[in-house]
Amino acid sequence: MKAKNDKAWFQSIDENFQDRYPLNEIIYRCPHSGELLEVRHDLDSLKSKSPAQWQELFAQRQMQAAGPFASGVWSKKEWVCPVVEDRHIVSMGEGRTPLFNAAALAQETGIRRLWVKLCGNSHTGSFKDLGMTVLVSMVRQMIADGKKIKAVACASTGDTSAALAAYCAAAGIPALVLLPKGKISTAQLIQPIANGALTLALDTDFDGCMKVVQELTESKEIYLANSMNSLRVEGQKTVAMEVVQQLDWRVPDWIIVPGGNLGNVSAIGKGLLEMHEVGLIDRLPRLVCAQAQEANPLFESYQRSFEDFAAKPANTTLATAIQIGDPVSVRKAIKVLKRLDGIVEQASEEELANACARADGHGLFTCPQTGVALAAFLKLVEKKEIKSQDEVVVISTAHGLKFTDFKVRYHEQDLPGIASRFANPPVEIPADVSIVRQKIDEHFG
Ligand SMILES: *Cc1c(COP(=O)(O)O)cnc(C)c1O
């Protein structure tokens with residue numbers, strides 16, 4: 001079936017292949033080139049409203065407390081997935097996350113303004129909810145239309161599985177998750193278990209799980225929920241839309257996002273480019289993808305001006321959600337980074353751990369992946385890429401409460417090879433008021 005007159009469709013990222021596929025078709029790659037598909041929107045239809053009209057419509061919807069528009073994703077429905085009927089939407093109020101004004105950190109680093117977009121303040125604690133609401137809603141509609149789907153499946157470094165399991169449980173759709181055994185946090189492991197997903201812990205790494213799930217989903221009865229499925233990218237691109245909306249449609253100079261499988265950096269870039277094309281924003285920010293040094297294939301490719309890309313096994317990193325050596329969305333990521341004058345920066349284990357603790361000291365509660373982005377921010381300030389007059393947005397991808405083991409060990413100075421510059425361990429003393437007083441005096445002077 002060809003989608004000719006639709007407002008949105010799947011199309012190969014390879015411009016040589018212009019075939020269109022409807023969004024309810026079970027297809028992830030271009031059958032001719034094997035490249036990933038992406039969702040294309042009829043931009044002329046989006047241009048039928050003026051930028052000011054869109055901005056006003058989004059502002060009106062922002063007021064709604066119930067219904068699909070109460071979601072930050074579905075309030076942008078025309079831009080995300082116009083073909084889903086409202087009655088099939090599976091939403092948990094995702095999006096509309098705070099833009100934290102990190103004024104103290106900005107001042108310390110001599111930068112005009114630093115914002116942290118708290119995508120982890122969400123139902124399952126990460127930005128993965130933004131894409132999953134779109135994907136699971138589409139699945140619910142496909143099932144209602146009579147498509148045979150036995151289960152929805154993903155490989156995960158912990159957060160995709162949590163989101164998939166929660167949205168599927170809410171919709172009454174069976175979920176299957178493949179996790180690398182022993183490589184995700186306890187909080188992330190218990191999420192899909194609690195939500196009733198079939199949880200398989202495989203004796204491999206994320207890349208190994210990804211290979212298995214790609215084979216499983218060759219049978220169309222098992223629907224693929226990884227970001228290789230470009231429906232997810234559409235939900236995630238609303239992060240970029242929300243950021244500029246929260247800045248009253250002002251475009252920051254920089255957006256910095258941690259990258260593993262590279263779906264999210266691609267999504268944010270796509271959102272920016274589409275808003276620019278339709279005229280909602282009048283300029284583009286520079287985009288930074290921040291990788292853990294232990295899992296940095298994109299950083300290495302960037303060092304070679306993106307002339308080639310080589311996957312390589314990821315080493316162990318504290319930033320487990322981005323411990324990925326063979327990123328599925330690499331071509332999409334390189335494409336948007338080139339368009340947005342992008343940079344790829346990397347962070348060592350010590351740099352990411354100290355960046356987390358430093359930000360926490362100013363009231364944040366960061367996950368290690370956000371630590372990678374914050375460390376990249378600090379390094380780019382140091383290198384004078386980011387200038388004192390710049391306005392910077394760091395994308396915080398998950399809630400720190402998912403990563404308490406890491407944070408406890410940091411403050412107990414128990415992370416091998418890492419000097420915890422901002423350690424604040426608990427002080428164990430007898431229950432004696434004079435000793436307590438003495439400690440207080442020592443500490444506060
Ligand atoms: C998934 C995830 C990422 C990486 O996103 P990609 O799309 O895989 O690059 C970063 N941080 C957290 C917390 C995640 O869950």
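Computed from a predicted structure; not experimentally measured. Atom set for the values below is all heavy atoms of this structure, side chains included, hydrogens, waters and symmetry mates excluded. Order of listing sets the numbers, starting from 1, for every ligand and every atom in it.
Annotation for ligand 1: atoms under 4.0 Å from non-hydrogen atoms of D159 are 12 (C), 13 (C), 14 (C), 15 (O). Ligand-side atoms of ligand 1 in range of G263: 6 (P), 7 (O), 9 (O), range being under 4.0 angstrom from any heavy atom. Close approach of ligand 1 to A321 is summarised as follows: ligand atoms under 4.0 Å from at least one heavy atom of the residue are 12 (C), 13 (C), 14 (C), 15 (O). Every atom of ligand 1 with a heavy atom of A398 under 4.0 Å away is listed here by number and element: 13 (C). If you number the atoms of ligand 1 from 1 as listed, the ones under 4.0 Å from a heavy atom of N261 come out as 6 (P), 8 (O), 9 (O). With ligand atoms numbered from 1 in the order given, ligand 1 contributes 3 (C), 4 (C), 10 (C) to contacts under 4.0 Å with heavy atoms of I322.
Of the protein's non-hydrogen atoms, F127 CZ, 3.5 Å is the one closest to atom 5 (O) of ligand 1. Distance from atom 11 (N) of ligand 1 to its nearest protein heavy atom, with residue and atom name: T397 OG1, 2.8 Å. Atom 14 (C) of ligand 1 has K128 NZ, 2.9 Å as its closest protein atom, hydrogens excluded (heavy atom only).
Under the 4.0 Å criterion applied to side-chain N and carboxylate O atoms, D308 and R304 are assigned as salt-bridge partners. Using a 4.0 Å cut-off between charged side-chain N and carboxylate O, E38 and K335 make a salt bridge. Between E412 and R409, no side-chain nitrogen of the basic residue sits less than 4.0 Å from a carboxylate oxygen of the acidic one, so the salt-bridge criterion is not met. Between D326 and K312, no side-chain nitrogen of the basic residue sits less than 4.0 Å from a carboxylate oxygen of the acidic one, so the salt-bridge criterion is not met. For the pair E385 and K379, the salt-bridge criterion is not met [side-chain N within less than 4.0 Å of a carboxylate O].
Cation-pi check for K76 over F69 is not met; the charged atom does not lie both under 6.0 angstrom from the ring centroid and within 45 degrees of its normal.
Put simply, part of G259 is less than 4.0 Å from ligand 1, judged by heavy atoms.
The shortest N or O to N or O distance between C367 and ligand 1 is not below 3.5 Å. Annotation: N264 places an N or O atom under 3.5 Å from an N or O atom of ligand 1; distance criterion only.
Using modelled atom types and a 3.5 Å distance limit, the side chains of Y410 and N354 yield a donor-acceptor pair. S396 and K117 form no side-chain donor-acceptor contact under 3.5 Å, judged by distance and modelled atom types alone.
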